[in-house]
Trainee: 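Structure below; questions to follow.
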2 protein chains.
Amino acid sequence: MTAVESACTEQPPSAARGGPVGMTLARVSRTHRIAMGRRLRELGLYPGQELMMMRLWDRGPARQSELIQSLGLDPSTVTKMLQRLEQCGYVRRSPDPADRRAVLVEATEEGQALKAGVENAWSDLEASSLAGLDPAERTELARLLGILAENLRAEAGDAGDCPPLNC
Amino acid sequence: MTAVESACTEQPPSAARGGPVGMTLARVSRTHRIAMGRRLRELGLYPGQELMMMRLWDRGPARQSELIQSLGLDPSTVTKMLQRLEQCGYVRRSPDPADRRAVLVEATEEGQALKAGVENAWSDLEASSLAGLDPAERTELARLLGILAENLRAEAGDAGDCPPLNC
DNA sequence: GACATTTGCTTGGCTGGCCAACTAATGCGT
DNA sequence: ACGCATTAGTTGGCCAGCCAAGCAAATGTC
């Protein structure tokens with residue numbers, strides 16, 4: 001087995017008492033991301049980049065602020081990710097003639113070529129991770145996760161200023 | 001609203017067709033991590049570090065290899081994280097007299113002091129994210145996520161060599 | 001028209017997390 | 001007893017992702 005020895009083989013720590021759902025969620029999402037990462041690296045992408053490419057495939061050329069909005073990422077994250085994707089040749093960035101501050105982003109031919117692989121990776125991982133669940137359970141899981149998403153989304157609103165970390 | 005504008009307000013990309021569960025999972029886990037991060041930063045921790053501390057609180061002094069095993073992290077990740085936690089004074093590292101290669105790690109007094117805050121943060125976030133779910137739904141969600149965890153854990157086994165990224 | 005504000009993006013710095021390569025110490029086999 | 005394989009940690013490099021600070025262009029206000 002490689003470095004990441006199938007994350008967390010042991011019991012959840014007692015600190016999760018009163019509802020280990022958050023713990024399980026964190027664990028599942030991490031292994032999920034890792035599994036996705038393994039598939040992606042064969043395609044030449046890092047985890048996270050595929051979401052960016054999907055947006056571009058779906059919506060075509062977009063300005064950077066739209067990508068930031070729809071992916072819910074920090075502007076600086078998007079800037080750097082796009083710089084790398086551009087350097088890889090998967091993406092082309094051009095100044096927006098209508099607004100000289102803005103940058104238009106689109107997938108290149110080479111970027112388009114990744115589409116099938118990425119979609120395949122997603123559906124493959126989907127099948128693998130949902131194995132053993134019947135359709136009813138899958139929709140139920142999706143529904144419950146949707147509620148979590150909504151709850152967390154609501155909470156994300158109240159920013160609340162925090163003093164910077166002292167360390 | 002701050003930078004992270006409540007991740008992913010829009011429809012999931014079409015690439016998620018055939019089961020957007022993975023997409024929703026990724027989204028939920030990210031907002032969950034962010035929400036946890038906001039609570040943690042008030043305590044002086046970064047997301048991820050609290051899991052390490054929980055292990056130490058639960059099991060007491062442990063050697064680094066145990067932490068790596070139980071958290072399912074890469075050795076280098078643990079090394080660096082512990083270096084930072086040590087610098088913050090939350091953790092003490094001492095050579096294992098029984099094995100001069102090994103390092104024994106334990107929470108300091110100052111580290112112990114974080115316990116209540118972290119556990120409170122977890123239960124608080126748990127309550128917040130599971131709002132609106134009755135007990136039956138919560139256990140069902142936990143059960144389904146457990147299955148995902150198991151499926152993904154199984155898949156983590158077959159390492160499969162991958163050529164390094166060309167970019 | 002001049003100025004202030006908001007928007008769009010970039011840079012620098014920091015962490016978590018991975019991989020690859022390396023050192024040091026332990027153990028095992030002959 | 002010697003030598004090789006395994007194990008424990010470390011370092012360096014790279015990416016995602018965050019925050020804070022900054023710059024330039026567009027927009028609003030007087």
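Residue numbers start from 1 in every chain, and the chains themselves are labelled A, B, ... in the order their sequence lines are given, proteins ahead of strands. Remember, predicted model here, so these are calculated numbers, not experimental data.
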Trainee: Starting from P on dC15(D), measure out to OH on Y90(A) and report it in whole angstrom.
Mentor: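 So the two atoms are 13 Å apart, to the nearest Å.
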
Trainee: Using whole Å, what does the distance between atom P of nucleotide dT15(C) and atom CG of L51(B) come to?
Mentor: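 These atoms are roughly 18 Å apart.
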
Trainee: Taking E50(A) for its side chain and G48(A) for its backbone only, find out whether a donor-acceptor pair lies under 3.5 Å.
Mentor: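 Yes; at least one donor-acceptor contact below 3.5 Å.
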
Trainee: Over how many whole Å does the gap from R30(A) atom CZ to dG17(C) atom P extend?
Mentor: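 From R30(A) CZ to dG17(C) P: 6 Å.
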
Trainee: Under 3.5 Å, is there a donor-acceptor pair between the side chain of T24(B) and the main chain of A142(A)?
Mentor: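 No.
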
Trainee: Which whole-number value in Å describes the distance from I34(B) CD1 to dT15(C) C1'?
Mentor: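 In whole Å, dT15(C) C1' lies 14 Å from I34(B) CD1.
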
Trainee: Measure from CD on Q69(A) to P on dT7(C) and round the result to the nearest Å.
Mentor: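 From Q69(A) CD to dT7(C) P: 12 Å.
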
Trainee: Can you tell me the distance, in whole Å, between the CG atom of L40(A) and the P atom of dC15(D)?
Mentor: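 Atom-to-atom, L40(A) to dC15(D), this comes out as 15 Å.
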
Trainee: On the nucleotide dC15(D), are OP1 or OP2 found under 4.0 Å from the side-chain N or O atoms that Q49(A) carries?
Mentor: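 No, Q49(A) has no side-chain N/O under 4.0 Å of OP1/OP2 on dC15(D).
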
Trainee: Generate the contact string for nucleotides 5-12 of chain D. Rules: B means base contact, S means sugar-phosphate contact only, - means no protein heavy atom under 4.0 Å.
Mentor: --BSSBBB

Trainee: Just N and O in the side chain of R84(B): are any of them under 4.0 Å from OP1 or OP2 of dT15(C)?
Mentor: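 Yes, R84(B) has a side-chain N/O under 4.0 Å of OP1/OP2 on dT15(C).
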
Trainee: Given atom CE of M81(A) and atom P of dC14(D), what is their separation to the nearest angstrom?
Mentor: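 The answer, rounded to whole Å, is 18 Å.
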
